[in-house]
Visitor: 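Okay, here's the structure, questions in a sec.
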Amino acid sequence: MRIGLTYDLRDDYLAAGFSPEQAAEFDLPDTIQAIEEAIRQLGHEPVRIGNIRQLVQKLAAGDRWELVFNIAEGCFGTARESQVPALLDAFCIPYTFADPLTLAIGLDKRLAKLTVAAAGVPTPAFAVVFSLAECESVKLQGPLFLKPLAEGTSKGISAQSVVFDRGALYRVCRVLLERFGPVLVEEYLPGREFTVGVLGGGKETEVLGTLEIILRPEAEAYAYSYRNKQEYARCVEYRLVSSEADPVVRLAEELAVLAWQAVGGQDAGRVDLRCNPAGEPQFLELNPLPGLHPQHSDLPMLATALGIPYVHLIGRIIDSAVRRTGFQNASSCGPAVARL
């Protein structure tokens, strides 16, 4: 297949004046190189497309691909991860990972929690604060955990994200509202933390494996924070844990599959859970567009811990997308659409 590759390159945004934190979700050049080489090793022809603006230019010029390997995060708006898939849908070009609706739900942590809760997956009680005045209406049992409503890469999360009194709630909300917009406030979970890798979607969803996130003494307290994630080699231990030996892990994986199916995840991704004081895992959030740096991103790290080569992980993602889409393309959308 001729496989296009859509992505947002971090260097481009830094050169445009974005701060390192603002550009943290975007990809490094070696991520693009690694995916490109894996696609080539799998016998396909990789074609670099780039971000949504470059995709628009290529589509307007008549370029088409049998499949697009999409890791574009988007730049503006709370549904920014949906932009590239929506455009590809308009041109009947199949792509890897979730559709626009699932990506929008996944990025909006409120919608994700409501969706999985409706499917019976436990998640901490929460509220959303859109203005500082709304802090007064938060009636949750503390301590509380605060984070931006629609950000990834742990942006906005630090040791100060856990608050123990009303004054701290106002102080942290003020900072997050100014920097990121709406704030998700939820009851803090003090127990073990897991990230569960999943493959496929729907009834074919399967668990790849689970890593337990363990903060080292050098780490920021309380959470898998932005700093801890950036300095993961020093601050975090990623421990491969087995559902066969640990019933808590087994329950976490079962809940992860239910959550993944509830939001409509496809091909590959991650579900993050943490345990309440009783040791019971609860849903935190999920990532239907996972990072794919071969050494630094959680999903490839999990695959490596399981002995799965990076190229095989990319191959499983592509195979899932091909099975799901059945090589649909513009010609299958009808003659009139194909001529547009």
Visitor: Starting from the C-alpha separation in whole Å, work towards a yes-or-no answer on ring pair (Phe, Tyr, Trp, His ring centres under 6.0 Å) for Y7 and F26.
Guide: CA-CA 8 Å; Y7 53 87; F26 303 136; over 10 Å; no
Visitor: Are any of the side-chain heavy atoms of L107 and T78 separated by less than 4.5 Å?
Guide: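 L107 does not reach T78 side chain to side chain.
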Visitor: When you measure from the side chain of T304 to the backbone of P300, do you find a donor-acceptor pair of N or O atoms at a distance under 3.5 Å?
Guide: yes
Visitor: Measure from the side-chain N and O atoms of Y13 to the backbone N and O of A24, and report whether any donor-acceptor pair falls under 3.5 Å.
Guide: no
Visitor: Has the side chain of T123 got a donor or acceptor atom that lies under 3.5 Å from a matching backbone atom of F283?
Guide: yes
Visitor: Out of curiosity, R192 CZ to I214 CD1, how far, rounded to the nearest 0.5 Å?
Guide: 8.0 Å
Visitor: Roughly how far apart are R234 CZ and E218 CD, rounded to 0.5 Å?
Guide: 6.5 Å
Visitor: Does the side chain of D246 come within less than 4.5 Å of V241's, by heavy atoms?
Guide: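 A side-chain contact under 4.5 Å is absent here.
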Visitor: Answer yes when R53 and D12 have at least one side-chain N-carboxylate O distance shorter than 4.0 Å, and no when they do not.
Guide: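 Salt bridge between R53 and D12, a charged N being under 4.0 Å from a carboxylate O: no.
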Visitor: Applying salt bridge (Lys or Arg N to Asp or Glu O under 4.0 Å), can you list everything that pairs with K113, at least two apart in sequence or on another chain?
Guide: E186
Visitor: Distance from R110 atom CZ to T115 atom OG1, nearest 0.5 Å?
Guide: 10.5 Å
Visitor: Looking only at heavy atoms, which two atoms of Y224 and I157 are closest? And how far apart?
Guide: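 For Y224 and I157, the tightest heavy-atom pair comes out as O-CG2, 4.5 Å.
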Visitor: Atom CD in E285, atom OG1 in T195: separation rounded to 0.5 Å?
Guide: 9.5 Å
Visitor: Mark yes when over 12 heavy atoms from residues, nucleotides or ligands other than R227 sit less than 6.0 Å from its CZ; otherwise mark no.
Guide: yes
Visitor: Indicate whether the side chain of D30 and that of H293 have a donor and an acceptor atom separated by less than 3.5 Å.
Guide: yes
Visitor: Side chain of T205, backbone of V257: donor and acceptor closer than 3.5 Å?
Guide: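 No.
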Visitor: Within the structure provided, determine whether C173 and L146 are in side-chain contact (heavy-atom separation under 4.5 Å).
Guide: yes
Visitor: Any donor and acceptor pair, going by atom type alone, linking the side chain of Q83 with main-chain N or O of F76 inside 3.5 Å?
Guide: yes
Visitor: Under a 4.5 Å cut-off applied to non-hydrogen side-chain atoms, are N51 and L9 in contact?
Guide: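 Answer no - side chains too far apart.
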Visitor: Can you tell if the side chain of Q261 reaches within under 4.5 Å of the side chain of L258, non-hydrogen atoms only?
Guide: yes
Visitor: Once rounded to the nearest 0.5 Å, what's the spacing between atom NZ of K155 and atom NZ of K229?
Guide: 11.5 Å
Visitor: Near F18 CZ, under 6.0 Å, is it more than 12 heavy atoms from other residues, nucleotides or ligands?
Guide: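 Enclosed.
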Visitor: Please examine the side chains of L208 and L299, heavy atoms only from C-beta on, and report whether any two atoms are closer than 4.5 Å.
Guide: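 With C-beta onward as the side chain, the pair touches.
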Visitor: Considering only NZ, NE, NH1 and NH2 on the basic side and carboxylate oxygens on the acidic side, decide whether E151 and R179 come within less than 4.0 Å.
Guide: no
Visitor: Taking the side chain as every heavy atom from C-beta outward, state whether L289 and N287 have any pair of such atoms under 4.5 Å apart.
Guide: yes
Visitor: How close do P182 and F130 get, counting heavy atoms only, and between which atoms?
Guide: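 P182 and F130 have their closest heavy atoms at CG-CD2, 3.6 Å.
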Visitor: P124 pairs by side chain to side chain contact (heavy atoms under 4.5 Å, CB included) with which of V185, L189, L184?
Guide: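 Result for side chain to side chain contact (heavy atoms under 4.5 Å, CB included) with P124: L189.
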Visitor: V128, F180: one ILVMFWY side-chain cluster at the under-4.5 Å cut-off?
Guide: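 As far as the 4.5 Å side-chain criterion goes, F180 and V128 are not connected within one cluster.
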Visitor: Is R239 paired with E237 through a side-chain N to carboxylate O contact shorter than 4.0 Å?
Guide: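 Between R239 and E237 there is a salt bridge, with a charged N closer than 4.0 Å to a carboxylate O.
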Visitor: Between E66 (side chain only) and R2 (backbone N and O only), is there a donor and an acceptor less than 3.5 Å apart?
Guide: yes
Visitor: Do S242 and E244 have side-chain atoms, one donor and one acceptor, less than 3.5 Å apart?
Guide: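 S242 vs E244: no donor-acceptor pair found between side chains.
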Visitor: Taking L273 as the starting point, is it possible to reach M301 by hopping between hydrophobic residues whose side chains are less than 4.5 Å apart?
Guide: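 No, separate clusters.
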Visitor: Donor-acceptor pair, D99 side chain versus P85 backbone, under 3.5 Å?
Guide: no
Visitor: Looking at H44 and M1, would you say the former's side chain and the latter's main chain have a donor-acceptor pair under 3.5 Å?
Guide: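 Answer holds: yes.
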Visitor: Under a single-linkage definition using a 4.5 Å side-chain heavy-atom cutoff for Ile, Leu, Val, Met, Phe, Trp and Tyr, are L14 and L28 assigned to the same hydrophobic cluster?
Guide: no
Visitor: Check Y226 against P20 and note the closest heavy-atom contact, atom names and distance.
Guide: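 Taking Y226 first and P20 second, the nearest heavy atoms are OH-O, 3.9 Å.
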Visitor: Are R40 and E37 close enough for a salt bridge, meaning some N to O gap below 4.0 Å?
Guide: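 A salt bridge links R40 with E37.
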Visitor: According to a hydrophobic-cluster definition based on side-chain heavy atoms being under 4.5 Å apart (Ile, Leu, Val, Met, Phe, Trp, Tyr only), do Y188 and L140 belong together?
Guide: no
Visitor: Could you report the tightest heavy-atom contact between W260 and A268, atom names first, then the distance?
Guide: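 Scanning both residues, the minimum pair turns out to be CH2-O, 3.4 Å.
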Visitor: Do V196 and L240 share a hydrophobic cluster, counting only Ile, Leu, Val, Met, Phe, Trp and Tyr and linking them when any side-chain heavy atoms are less than 4.5 Å apart?
Guide: no
Visitor: Do you know which of L67, L55, L59 makes side chain to side chain contact (heavy atoms under 4.5 Å, CB included) with I93?
Guide: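 By the side chain to side chain contact (heavy atoms under 4.5 Å, CB included) criterion, I93 pairs with just one of L67, L55, L59: L59.
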Visitor: Between A219 and L215, which heavy-atom pair has the shortest distance, and what is it?
Guide: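 For A219 and L215, the tightest heavy-atom pair comes out as CB-CB, 4.0 Å.
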Visitor: Is a side-chain N or O of R166 found less than 3.5 angstrom from the main chain of C135, in a donor-acceptor match?
Guide: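 Indeed, once roles are kept as given, a pair shorter than 3.5 Å links the two residues.
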Visitor: OH/Y170 to CG/L177 distance, rounded to the nearest 0.5 angstrom?
Guide: 11.5 Å
Visitor: Do the side chains of F97 and L103 get nearer than 4.5 Å, heavy atoms only?
Guide: no
